[in-house]
Amino acid sequence: MRLVKRGEIVEDPFLHVIDDAPVPERGPVIVAAGRLIADAEGFARRADPTGVVWPNNRRIDELAPYLDRLALVALVFPSFRDGRAYSQARQLRENHRFPGELRATGQILRDQFVFLLRAGFDAFEVSKDADAAVFADVLRRYSVFYQPAADRRQTALRARLAVGTDRASVTMEEADR
C-alpha cells in the first residue's frame with residue numbers, strides 16, 4: 001500500500017502489528033481496535049506513537065476514551081459503496097476534536113478523494129501506484145470550497161468577507177441605487 005499525506009507519497013512510519021504478534025517496544029505502531037481496548041493501559045505507557053485501525057461497524061463513542069492517547073486513527077472502507085467511515089471521520093473531527101492523523105484505508109477510489117478530504121481525512125492508504133499519484137495531485141488542484149466541512153478549510157464566502165470584497169453584496173447595493 002502507498003501512503004499519501006499532505007499531497008505527497010510518503011513512507012509509512014507506523015508498523016502494522018497483527019493481533020497475535022508482539023508489539024515492539026520502540027517505534028510507532030498501528031493495532032486493531034480489539035487489541036487496543038484489551039490493553040489500553042499498556043499502549044498508554046508506550047513512549048512512541050500508537051494508532052488504531054477502527055472498523056466501520058463500531059461506534060466512535062467506544063473509541064472516545066482512548067483518543068487522547070492516539071496519534072492515528074485508520075478508518076476502514078471495506079467496500080467503495082460503504083460510506084460509514086465518512087460519518088466516523090466527521091464525528092472524530094467535529095464532535096471529539098481529534099487532532100491526530102485520520103487515515104482512510106481499504107477500498108477507496110480516486111473519485112472519492114475530495115470527499116475524503118472534506119470529511120476530515122488527511123492520510124490515505126492507496127493500493128494502486130497510479131491512484132497514489134492522482135491523490136497527491138488532487139490535493140493541490142482544489143483550493144476553494146463553498147460548503148463548510150470537517151476539514152475546517154475556509155469557505156469561499158468567508159474568504160471574500162475576510163478581505164472585504166464580497167461581490168454578491170456589492171452587486172446587491174449597486175442594484176438598490
>> For I37 and V52: C-alpha separation, side-chain torsions, deciding distance, then whether side chain to side chain contact (heavy atoms under 4.5 Å, CB included) applies.
In response: CA-CA 10 Å; I37 292 171; V52 64; over 6 Å; no
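- Between D48 and G27, the closest heavy-atom pair is OD2-N, 2.6 Å.
- With rounding to the nearest 0.5 Å, the separation of CZ in F124 from CD in Q112 is 11.0 Å.
- Residues P24 and V17 come closest through the heavy atom pair CD-CG2, 4.1 Å.
- Residue A33 comes nearest to R58 through the heavy atom pair CB-NH1, 3.8 Å, listed as atom of the first residue, atom of the second, then distance.
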> When you look at E125 and D12, which way does the side chain to side chain contact (heavy atoms under 4.5 Å, CB included) test go after all the steps?
Replying inline: CA-CA 9 Å; E125 286 183 359; D12 188 353; 4.2 Å; yes
> Going through the checks in order, is the side chain to side chain contact (heavy atoms under 4.5 Å, CB included) test met by R69 and E41?
Replying inline: CA-CA 10 Å; R69 305 173 199 167; E41 293 307 316; 3.7 Å; yes
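- Closest non-hydrogen pair, P78 versus Q107, comes out as O-CG, 3.4 Å.
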> Where do L102 and Q88 land on the side chain to side chain contact (heavy atoms under 4.5 Å, CB included) test, with the steps shown first?
Replying inline: CA-CA 10 Å; L102 196 52; Q88 290 176 316; over 6 Å; no
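- By the salt bridge (Lys or Arg N to Asp or Glu O under 4.0 Å) test, E25 pairs with no residue at all, sequence neighbours left out.
- Using a cutoff of 4.0 Å between basic side-chain nitrogens and carboxylate oxygens, E8 and R6 are not scored as salt-bridged.
- Here I30 is tied into one hydrophobic group with F14, V53, L72, V76, each link being a pair of ILVMFWY side chains closer than 4.5 Å.
- Note that the CG atom of D61 and the CD atom of Q91 stand 7.0 Å from one another [nearest 0.5 Å].
- Residue E94 holds its CD atom at 10.5 Å from CG of L92, rounded to the nearest 0.5 Å.
- Under the 4.0 Å criterion applied to side-chain N and carboxylate O atoms, D39 and R46 are not assigned as salt-bridge partners.
- Atom CZ of residue R90 and atom CZ of residue R118 lie 8.5 Å apart, to the nearest 0.5 angstrom.
- Using a 4.5 Å heavy-atom threshold, the side chains of D122 and E101 count as touching.
- In this structure, the side chain of R2 does not engage the main chain of V126 through any donor-acceptor pair within 3.5 Å.
- R35 places a side-chain N or O within 3.5 Å of a backbone atom of I18 that can act as its donor or acceptor partner.
- Connection of L117 to F115 is established within a shared hydrophobic cluster, with ILVMFWY side chains joined at heavy-atom distances below 4.5 Å, either directly or through further cluster members.
- For the ring pair (Phe, Tyr, Trp, His ring centres under 6.0 Å) condition, the pairs that include at least one residue of residues 52-83, sequence neighbours left out, are F77-Y86, F77-F121.
- Taken to the nearest 0.5 Å, the CG atom of N57 stands 9.0 Å off from the CG atom of D82.
- Not a single donor-acceptor pair under 3.5 Å links the side chain of R103 to the backbone N or O of L75.
- Taking CD1 of I60 as the start and CZ of F98 as the end, the distance is 10.0 Å to the nearest 0.5 Å.
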